[in-house]
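We name chains A, B, ... by the order of the sequence lines, and we start the count at 1 in each one.
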2 protein chains.
Amino acid sequence: MKIGELARQSGLSVHTIRYYERIGLLPYADRNRSSQRDYDASILVWITFLGRLKTVGMPIRDMLRYAALRERGVETEAERRLLLQQHRERVALHLAELQDCLLVLDTKIAGYAGSEPRMKDYDAPPPQRRRKPAGTRTARPR
Amino acid sequence: MKIGELARQSGLSVHTIRYYERIGLLPYADRNRSSQRDYDASILVWITFLGRLKTVGMPIRDMLRYAALRERGVETEAERRLLLQQHRERVALHLAELQDCLLVLDTKIAGYAGSEPRMKDYDAPPPQRRRKPAGTRTARPR
DNA sequence: TCTTGACTTAGAGCGCGCTCGAACCCCTAG
DNA sequence: CTAGGGGTTCGAGCGCGCTCTAAGTCAAGA
């Protein structure tokens, strides 16, 4: 499979695939005799997994650590597990925070919806006095 | 309240506060006679709200739209509600995705933990053939 | 009076994760 | 034979959200 095909199948752009290889997220791909990358379908499994790590917000530098461990084989499994677990915790925290905020947002949305009892907080006119008349960009000389 | 104090109380850095004012996320603050920003505590309410929008991943450009509407007063409430609702939907979707991925991660972690039955997929040696011998950076001349 | 430290501005720089451009190569169909 | 549509490399550029620097002002305490 050439890079364009892999792009179609993986959803990554050709540019991104090359970029990922460059930085080490994707293993160096064999080239055919015209120096074109020739992929095995199995790479899709790894790309899918990377996609999931990305979805859960793992930064590339951590994916790189994972990828490096993976290339070193079975002996690194414990370490890989740890890496995933640690990120898992971070995600769980973030998830909780997200849900909290979502609740607050919902309350606020509900407040906008009802015509009478409105949330006191954020809807008052700007708490600071008004913006300076436009064009008066802090005329203090230096 | 001067900017340093606001920074302490809000958790934003002084730099960030000034940046937010510059781009319009925070209303232009009054200056005292030495040109120093003088904040009213009520600004904290707005900053807190901004923080929540940030937590739920709203890009600054959307916060700006919201802030602009807010400065225009009560008549823009419907629009603001819409803005929040739309973002709410995006977040809800993201949340679901996140939870899915977390499940998959957990399965994988569990796979690493158990010594015998391991997930077939991602633990095989790299699906591509091995990385080129180090140092052989694509010697094809151009 | 002098020092310290918090403040001011304009503008440059940074880390992240891509994204694109230039200039070139190679294969295939018409 | 030629045109088109893939592919290749290196390296620059971009959008985001800050973050920092330089050079200066100002006010309070020793």
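Of the candidate nucleotides D/dT9, D/dA27, C/dA12, D/dA27 has the atom lying nearest to any side-chain atom of B/Ser34. The side chain of A/Tyr19 lies closest to C/dC18, out of D/dA27, C/dC18, C/dC7. Taking only side-chain atoms of B/Arg22, from C-beta outward, the nucleotide of C/dT8, C/dG11, C/dC16 with the closest atom is C/dG11. Picking from C/dT19, C/dC7, D/dT21 the nucleotide with the shortest atom distance to the side chain of A/Thr16 gives C/dT19. The side chain of A/Ile60 lies closest to C/dC18 when the candidates are C/dC18, D/dC18, C/dT9. Which of D/dC18, D/dC16, D/dT9 sits closest to the side chain of B/Tyr20 comes down to D/dC18. Side-chain proximity of B/Arg31 to the nucleotides C/dT9, C/dC18, D/dC18 is greatest for C/dT9. When the nucleotides D/dT9, C/dT8, D/dC18 are ranked by their closest atom to the side chain of B/Ser35, C/dT8 comes out on top.
A cation-pi geometry, defined here as NZ or CZ lying under 6.0 Å from the six-membered ring centre and within 45° of its normal, holds between A/Lys108 and B/Phe49.
Using a 4.0 Å cut-off, some side-chain N or O of A/Arg61 falls inside it from OP1 or OP2 of C/dC16. Taking 4.0 angstrom as the limit, B/Lys2 places none of its side-chain polar atoms (N or O) nearer than this to OP1 or OP2 of C/dG5.
As rounded to whole Å, 17 Å separates atom C1' of C/dC16 from atom CG of A/Leu53. Atom C1' of nucleotide C/dC18 and atom CD of A/Glu21 are separated by 16 Å, given to the nearest angstrom. Straight-line distance from the CD1 atom of B/Ile3 to the P atom of D/dC20: 15 Å, rounded to whole Å. Put simply, NE2 on B/His15 is 8 Å from C1' on D/dT21, counting in whole angstrom units. Regarding A/Ile17, its CD1 atom lies at a distance of 14 Å from the C1' atom of D/dG6, rounded to whole Å. With rounding to whole Å, A/Ile23 atom CD1 is found 17 Å from D/dT9 atom C1'. If you measure from atom OH of A/Tyr39 to atom P of D/dG7, you get 10 Å, rounded to the nearest angstrom. At whole-Å resolution of the value, CG in A/Asp38 and C1' in C/dC27 are 15 Å apart.
Within 4.0 Å of B/Arg18, counting heavy atoms only, lies at least one base atom of the nucleic acid.
By the 30° and 60° cut-offs, the orientation of the rings of A/Tyr66 relative to A/Trp46 is parallel.
Annotation: of the two residues near DNA chain C, A/Ser13 and B/Glu5, the 5′-most nearest-nucleotide partner is B/Glu5. Each of B/Gln36 and B/Met58 was matched to the nucleotide of DNA chain D holding its nearest heavy atom; the match closer to the 5' end belongs to B/Met58. Map A/Arg33 and A/Lys54 each onto its nearest nucleotide of DNA chain C; the residue landing nearer the 5' end is A/Lys54.
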Pair B/Glu5, B/Arg8 - check salt bridge (charged side-chain N to carboxylate O under 4.0 Å, His left out), show working.
CA-CA 5 Å; B/Glu5 182 56 24; B/Arg8 264 180 296 284; 3.3 Å; yes
Could you walk me through whether A/Arg72 and A/Thr76 pass the side-chain hydrogen bond (donor to acceptor under 3.5 Å, both in side chains) check?
CA-CA 7 Å; A/Arg72 281 177 40 210; A/Thr76 65; 5.9 Å; no
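Between A/Arg90 and A/Glu97, none of the side-chain N atoms (NZ, or NE/NH1/NH2) sits under 4.0 Å from a carboxylate O, so this pair counts as no salt bridge.
The closest donor-acceptor contact from the side chain of A/Asp38 to the backbone of A/Met1 lies under 3.5 Å.
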